[in-house]
Amino acid sequence: MYNKLTVSHILVMFLLLRLTFDAEVSSKESETFEDLDPEYCVSQLQQRFPPVWEDQWAEITTGFRIRGASFDLHTLHILQHWKGQFPLSDYFLFCFNYFSDANENSQFYNNELELKFKAFEKINFSLFGYPFYDKKESDAGIRLSYEDSPLDFVRISVLMENAPNNYTFKGRDEDSMRIYSSLPILFSLDISIIRKQSQRFIVSYNIEKPYRANYENESGKVLNIKEGQKSNIAIKHRYLFPDSTILSWNINFEYNKEDYLSGEGTFDSTKQCVRLRTGMYAYKSISESFGLTMQYDSDLQEKHPFPSVKRKAILIGIERHFGGHSNIGINYCNGIGRLIFENKKRKDNRLILFADHKFKNKARAGMNLGIELDSRDVTQTWSGRYDKVFLFLQYPNQ
């Protein structure tokens, strides 16, 4: 009990320290790792936590995981993900979900704080939000949920974006005031349709009704207008066969549109993005000690007025297991990244050596090393990259 309390207190203290620091240097408008150039399509697949780690992470309520990545000689990439659930009484729970990522230009962070009231045994009412130092970018909402376990749930959420300063905002360094005539409100449904030992099927759907923001000066004159809307749907399915074969797939579709108008309401410009991401993972045991793996990823971004991006990568490999606690393996990965309409294309062929270990307390540590088979690819203006090293650490505390 003492050790669990100590670790829980450390988690909370670390979160508060990170929030205090990141609040002054971060922006939720920054790009995450997955938004980097298409040439990183293979690294995007290589950097992911192993699927068995993801299964463990989905089932825990309190813990942390960290990934460190060296892409080449001059870049270091660190991802942190912390989450916790702490009872304040028999009826109230405090929950947080903190995620920190970065690209070469800026830091990205996203943190959800939630105060959960247990109305009935498995039915909860929550106040939740995403606080930011820039208050006009903060979000706040309410949620009604049925939760039997981390993987057996139904959640209905209503999020008022850009709260609490979302109705009127006067910037200190701007001669304009933002006034929403139609508020940006996001409606969400997350449901675990199938939750069995052998099968999981999860659906998430979000839709934001069209919003409209007028930017006015101190005299009330409308300088310009912004209108927008967005939606996305995500599906995840995992099936465990009787012979321990694993097959899982996922699909995520996103739509985002922003229109910019003059003060008189005349159309000026637009930004649109349609993104379709798909993935598949398969594992087949061929003996007590060996197994075969396969992964496939596809990512298509149609953006206007920016160049569209297309990424796809496939990985096949073999694993060697030692007593159910340690694994080593070798994978071959092939990927193609392309900036459509700019004639930029990058091909990657890479060997990935990996090893991981599960400790007695269920913590995991692992690493993988990517070795480029194309020593230098300067076709279509992109330079070759050096070997990539990734280190992983995951600690569950329940």
K271: salt bridge (charged side-chain N to carboxylate O under 4.0 Å, His left out) partners, not counting sequence neighbours = none
Residues at least two apart in sequence or cross-chain that pass salt bridge (charged side-chain N to carboxylate O under 4.0 Å, His left out) with K118, listed by chain then number, are none
Taking only Lys NZ, Arg NE, NH1 and NH2, and the carboxylate oxygens of Asp or Glu, determine whether K230 and E161 approach each other closer than 4.0 Å.
-> yes
Using the six-membered ring wherever Trp is involved, compare the ring planes of F99 and H81 and label them parallel, tilted or perpendicular (cut-offs 30° and 60°).
-> perpendicular
Pairs in or reaching into residues 150-160: which pass salt bridge (Lys or Arg N to Asp or Glu O under 4.0 Å), with residues at least two apart or in two chains?
-> E147-R155
Residues pairing under salt bridge (Lys or Arg N to Asp or Glu O under 4.0 Å) where one sits in residues 357-367, two or more places apart or in two chains, turn out to be none
Is the number of heavy atoms from other residues, nucleotides or ligands under 6.0 Å of F290 CZ greater than 12?
-> yes
Does a sphere of radius 6.0 Å around NZ in K209 hold more than 12 heavy atoms from other residues, nucleotides or ligands, not counting ones at 6.0 Å or beyond?
-> yes
Using 0.5 Å steps for rounding, measure from the [atom1] atom of [X] to the [atom2] atom of [Y].
X	Y	atom1	atom2	result
F253	L276	CZ	CG	7.0 Å
F392	I66	CZ	CD1	13.0 Å
C95	N124	SG	CG	8.5 Å
W82	F64	CH2	CZ	5.0 Å
N214	K226	CG	NZ	12.5 Å
Y255	C273	OH	SG	10.5 Å

Hydrophobic cluster partners of [X] (side-chain heavy atoms under 4.5 Å):
X	value
F153	L151, I202
I328	F322
V222	I225, L261
L240	I246, Y281, Y283

Applying the side chain to side chain donor-acceptor pair (under 3.5 Å) test to N327, which of R320, H321, E319 qualifies?
-> H321
Side chain to side chain donor-acceptor pair (under 3.5 Å) with D299: of R275, K312, R277, only one passes, and it is R275
Given side chains that start at C-beta, do those of [X] and [Y] come closer than 4.5 Å, heavy atoms only?
X	Y	result
R311	V309	yes
F132	D139	no
P396	Q56	yes
I191	Y205	no
L315	I352	yes
T270	E258	no
N256	Q229	no
L351	L373	yes

Spell out, yes or no, whether [X] and [Y] are grouped together once hydrophobic residues are joined by side-chain heavy atoms under 4.5 Å, including indirect joins.
X	Y	result
I316	F354	no
Y260	F306	no
Y215	F267	no
L115	L93	no

Could you walk me through whether W57 and F49 pass side-chain contact (heavy atoms from CB on, under 4.5 Å), step by step?
-> CA-CA 10 Å; W57 185 253; F49 288 92; over 6 Å; no
No-hydrogen, no-angle side-chain donor-acceptor test under 3.5 Å, [X] and [Y]:
X	Y	value
N349	Y332	yes
D190	S204	yes
Q85	T62	no

Mind checking what makes ring-ring contact (aromatic ring centres under 6.0 Å, His included) contact with [X], not counting sequence neighbours?
X	result
F201	H237
H357	F359
F241	Y239

Please answer whether the main-chain N or O of [Y] pairs with a side-chain N or O of [X] as donor and acceptor at a distance below 3.5 Å.
X	Y	answer
Q394	W53	yes
S126	F128	no
K83	I60	yes

Which atom of [X] lies closest to which atom of [Y], heavy atoms considered:
X	Y	answer
G317	N331	CA-OD1, 3.1 Å
P150	A58	CB-O, 3.4 Å
P131	L113	CG-CD1, 3.8 Å
A282	L247	CB-CD1, 4.1 Å
S182	P210	CB-O, 3.9 Å

Give the C-alpha distance, both sets of side-chain angles, the deciding distance and a yes or no for side-chain contact (heavy atoms from CB on, under 4.5 Å) between L127 and I142.
-> CA-CA 5 Å; L127 299 175; I142 58 175; 3.6 Å; yes
Residues N206, L189; criterion side-chain contact (heavy atoms from CB on, under 4.5 Å); working and verdict = CA-CA 7 Å; N206 303 274; L189 172 65; over 6 Å; no
Checking side-chain contact (heavy atoms from CB on, under 4.5 Å) for the pair I235/W249: CA distance, chi angles, key distance, verdict?
-> CA-CA 8 Å; I235 300 174; W249 59 272; 3.7 Å; yes
Measure centre to centre between the rings of F117 and F125, then say whether the value is under 6.0 Å.
-> no
Only one of K236, R65, E59 clears side chain to side chain contact (heavy atoms under 4.5 Å, CB included) with E54; which?
-> R65
Mind checking what makes side-chain hydrogen bond (donor to acceptor under 3.5 Å, both in side chains) contact with D243, not counting sequence neighbours?
-> T245, K284
Show your reasoning for whether side chain to side chain donor-acceptor pair (under 3.5 Å) applies to S308 and E302.
-> CA-CA 5 Å; S308 298; E302 296 286 351; 2.8 Å; yes
